[in-house]
Amino acid sequence: MNAQPKASHHIGGTYVEDDAGAVIESVYPATGELNARLHSATPAIVEQAVQAARAAQPAWATLKGVERGRILLRTAQLLRERNEELSRIETLDTGKAIQETLVADAASAADALEYFGGLAGAITGEHVDLGGDFVYTRREALGVCAGIGAWNYPIQIAAWKSAPALACGNAFIFKPSEMTPLTALLLAEAFKDAGLPDGIFGVVQGYGDVGAALASHPDIAKVSLTGSVPTGAKVLGAAAETIKSVTMELGGKSPILVFDDADLESAIGGAMLGNFYSTGQICSNGTRVFVQRGVYDAFLERLKIRTEAIRLGDPLDPDTHLGPMVSMAQRDKVLGYIEAGKREGGRLVTGGGVPEMQGFENGAWIQPTVFADVSDEMTIAREEIFGPVMSVLVFDDEAEALRRANATEFGLAAGVFTADLSRAHRVVSQLEAGTTWINTYNLTPVEAPFGGVKQSGIGRENSRAAIEYYTQLKSVYVATGPVDSPY
Ligand code: NAD
């Protein structure tokens with residue numbers, strides 16, 4: 001499975017290597033085969049990337065918005081033309097089925113580049129009339145921004161962060177997860193081919209220490225992390241030293257509420273997509289499925305049948321629904337949660353183990369798993385598992401469901417399935433989450449703000465809201481008469 005890039009890093013518009021950095025291995029999780037061997041950035045590489053970005057950013061920020069936007073739009077076009085190859089590499093790096101990567105990874109990155117490319121010319125300040133004198137505001141770039149990614153949506157995360165950053169006139173340095181280093185480099189190539197000035201988008205590989213170096217670097221104005229809550233706390237701490245802006249897209253333990261008047265097949269479909277897509281490795285997954293008592297048994301019966309029909313198999317086969325998890329370590333962590341679920345009294349409805357996969361014996365495979373009769377105190381109902389494990393809990397009335405759904409330190413996402421319109425809006429207004437759905441789950445179009453409340457995050461990605469997180473306001477007071485001074 002050779003997917004060796006030309007070099008580990010992409011700085012100042014070209015590939016750069018420094019063999020002195022620790023080795024990073026990209027492994028195809030379906031088989032355990034090596035895709036590529038790269039190197040983590042040394043301090044010299046990080047410095048090179050920061051200085052290349054610093055040197056290039058001022059000229060980029062003085063271009064007209066439409067000129068910046070044009071380059072983002074061209075980049076989007078290139079990603080679409082290269083989608084098949086990008087998807088294949090994303091599948092090799094993550095193990096996710098090609099059926100998914102063809103539609104949800106580079107394609108979603110292109111969506112973000114198109115959206116923010118289009119918006120770039122419409123980023124404006126405002127005018128405030130003071131009856132003669134006036135104030136106007138300028139929405140200015142922050143400078144050099146950094147992004148730190150998770151491994152579940154590598155190129156999507158790189159683009160969701162860099163597209164608004166670049167549209168606003170910033171330079172951007174991205175550190176992919178050490179588990180999935182490959183496609184961010186191909187995004188850098190697409191930017192280069194689309195005419196982005198050298199230095200405006202850089203990629204440095206690395207483990208947590210490289211992320212920490214970016215988060216604490218005095219020449220970096222902002223850091224945006226997609227990762228777990230504990231990493232978020234560390235990055236926030238590092239950013240505090242130099243008073244950086246931050247965007248934090250962190251973990252979750254999101255609830256889905258299914259009322260007994262819901263369209264049951266849709267609710268089951270939503271719950272399955274919200275637990276099993278990307279082999280359960282999605283931050284906004286609705287891993288606590290609260291089902292009202294009247295439809296509880298029927299829900300579980302159909303859920304079991306539909307879950308057992310999920311096709312696991314060769315991730316490069318377009319008919320395969322689910323690939324393996326990203327790594328053996330993640331798989332083993334999830335198996336540990338499944339054991340805890342059994343030990344603490346959850347009723348295993350289906351799955352719970354490692355499937356036999358002919359030809360893929362060394363892969364990080366796991367069965368899609370459903371636990372029923374889960375109670376709020378169980379470990380599987382409290383902690384983020386980040387694997388294909390759904391917990392189903394029964395409830396009696398709306399107030400109880402809301403109280404239990406909100407009883408968590410997380411607040412990333414939530415969903416409600418009901419045919420009662422008033423209830424849908426009432427419930428959503430009381431759910432403590434940044435991103436919510438009514439009668440569907442996990443749809444995240446670039447036009448809608450995405451992000452969390454409570455410990456799930458700070459700030460929003462996507463939509464016009466993202467512009468606020470990649471710009472700062474300067475207010476300009478303009479006098480139209482003489483200065484009125486008592487001295
Ligand atoms: P992680 O927190 O282990 O790592 C995330 C990134 O942070 C990696 O690139 C890692 O190298 C880097 N990192 C680690 N220590 C660091 C430090 N001290 N300073 C700076 N950077 C550091 O997360 P993961 O295992 O890669 O991803 C899974 C987690 O990400 C889950 O909790 C999931 O919910 C979350 N996630 C959130 C979103 C979202 O948008 N809210 C999306 C995807 C994943």
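Start at 1 and go down the list; that is how both ligands and their atoms are numbered.
- For Gln330, no nitrogen or oxygen atom sits less than 3.5 Å from a nitrogen or oxygen atom of ligand 1, counting backbone and side chain alike.
- In terms of protein heavy-atom proximity, atom 35 (C) of ligand 1 is nearest to Gly227 O, 3.1 Å.
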*Check the pair Ser228, Phe386 against side-chain contact (heavy atoms from CB on, under 4.5 Å), reporting the backbone distance first and the verdict last.*
CA-CA 10 Å; Ser228 60; Phe386 221 60; over 6 Å; no
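- Atoms of ligand 1 found under 4.0 Å from any heavy atom of Gly251 (numbered from 1 in listed order, with element): 32 (O), 34 (O).
- For atom 7 (O) of ligand 1, the nearest non-hydrogen atom of the protein is Ile148 CG2, 3.4 Å.
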*Mind running side chain to side chain donor-acceptor pair (under 3.5 Å) on Thr101 and Asp105 for me, showing each step along the way?*
CA-CA 5 Å; Thr101 52; Asp105 292 84; 5.1 Å; no
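- Distances from ligand 1 to the non-hydrogen atoms of Leu214 include no value under 4.0 Å.
- Only the side chain of Lys234 comes within contact range of ligand 1, with a heavy atom under 4.0 Å; no backbone atom does.
- Every residue two or more places apart in sequence or in another chain that forms a side chain to side chain contact (heavy atoms under 4.5 Å, CB included) with Val453 is listed here: Arg460.
- Nearest to atom 44 (C) of ligand 1 by heavy atom, out of Val229, Leu225, Asn152, is Asn152.
- Residue, atom and distance of the protein heavy atom nearest to atom 24 (P) of ligand 1 are Trp151 NE1, 3.4 Å.
- In this structure, Ala215 does not count as a contact residue of ligand 1, since none of its heavy atoms falls inside 4.0 Å of the ligand.
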*Might you work through the side-chain contact (heavy atoms from CB on, under 4.5 Å) test for Val23 and His39, ending with a clear yes or no?*
CA-CA 5 Å; Val23 168; His39 294 277; 4.0 Å; yes
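- Of all protein heavy atoms, the one lying nearest to atom 9 (O) of ligand 1 is Gly149 O, 2.7 Å.
- Taking the ring axis of Tyr153 as reference, the NZ or CZ atom of Lys96 stays within 45° of it and closer than 6.0 Å to the ring centre.
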*Under the salt bridge (charged side-chain N to carboxylate O under 4.0 Å, His left out) rule, what do Glu461 and Lys161 come out as? Steps first, then yes or no, please.*
CA-CA 7 Å; Glu461 294 194 311; Lys161 295 184 189 308; 3.0 Å; yes
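- Protein heavy atom at the shortest distance from atom 28 (C) of ligand 1 is Phe386 CE2, 3.6 Å.
- Listed by atom number, the atoms of ligand 1 under 4.0 Å from Cys283 heavy atoms are 33 (C), 34 (O), 36 (N), 37 (C), 38 (C), 39 (C), 40 (O), 41 (N), 42 (C), 43 (C), 44 (C).
- Taking each of Gly206, Ala212, Ala238 in turn, the one with a heavy atom nearest to atom 19 (N) of ligand 1 proves to be Ala212.
- The residue Met179 has no part lying near ligand 1, judged by heavy-atom distances below 4.0 Å.
- Among all protein heavy atoms, the one lying closest to atom 17 (C) of ligand 1 is Gly208 O, 3.6 Å.
- Aromatic ring pairs are classed by plane angle as parallel below 30°, tilted from 30° to 60° and perpendicular above 60°; the pair Tyr441 and Trp437 is tilted.
- Near Phe450, meaning under 4.0 Å from any of its heavy atoms, are these atoms of ligand 1: 40 (O).
- More than 12 non-hydrogen atoms from other residues, nucleotides or ligands lie less than 6.0 angstrom from CD of Glu409.
- For Glu189, the salt bridge (Lys or Arg N to Asp or Glu O under 4.0 Å) partners are Lys6, not counting sequence neighbours.
- Atoms of ligand 1 found under 4.0 Å from any heavy atom of Gly211 (numbered from 1 in listed order, with element): 19 (N), 20 (C), 21 (N).
- Phe360 has its side chain out of reach of Pro324: every pair of non-hydrogen atoms, C-beta onward, lies at least 4.5 Å apart.
- Residue contacts with ligand 1, taken as heavy atom pairs separated by less than 4.0 Å, involve Val235 solely via side-chain atoms from C-beta onward.
- The aromatic rings of His10 and Tyr15 sit perpendicular, their planes meeting at an angle over 60°, well past the 30° parallel limit.
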*Should Arg311 and Asp317 be marked as a salt bridge (charged side-chain N to carboxylate O under 4.0 Å, His left out) after you check the CA-CA gap, both sets of side-chain angles, and the distance that decides it?*
CA-CA 11 Å; Arg311 284 192 299 275; Asp317 177 343; over 6 Å; no
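- Taking atom 4 (O) of ligand 1 as the reference point, the nearest protein heavy-atom neighbour is Thr231 OG1, 4.3 Å.
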*Apply side-chain contact (heavy atoms from CB on, under 4.5 Å) to the pair Gln281 and Val326, showing each step before the final yes or no.*
CA-CA 8 Å; Gln281 303 161 111; Val326 75; 3.5 Å; yes
*Give the C-alpha distance, both sets of side-chain angles, the deciding distance and a yes or no for salt bridge (charged side-chain N to carboxylate O under 4.0 Å, His left out) between Lys333 and Glu383.*
CA-CA 12 Å; Lys333 193 174 145 202; Glu383 298 185 13; over 6 Å; no
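- Residue-level proximity to ligand 1 for Asp209 is absent, since no heavy atom of it falls below 4.0 angstrom.
- Under a 4.0 angstrom heavy-atom cut-off, Ser177 registers as being in contact with ligand 1.
- In terms of protein heavy-atom proximity, atom 31 (C) of ligand 1 is closest to Glu384 OE1, 3.4 Å.
- Of all the heavy atoms of Ile282, none lies under 4.0 Å from any atom of ligand 1, so neither backbone nor side chain is involved.
- Residue contact check: Tyr207 has heavy atoms under 4.0 Å from atoms 11 (O) of ligand 1.
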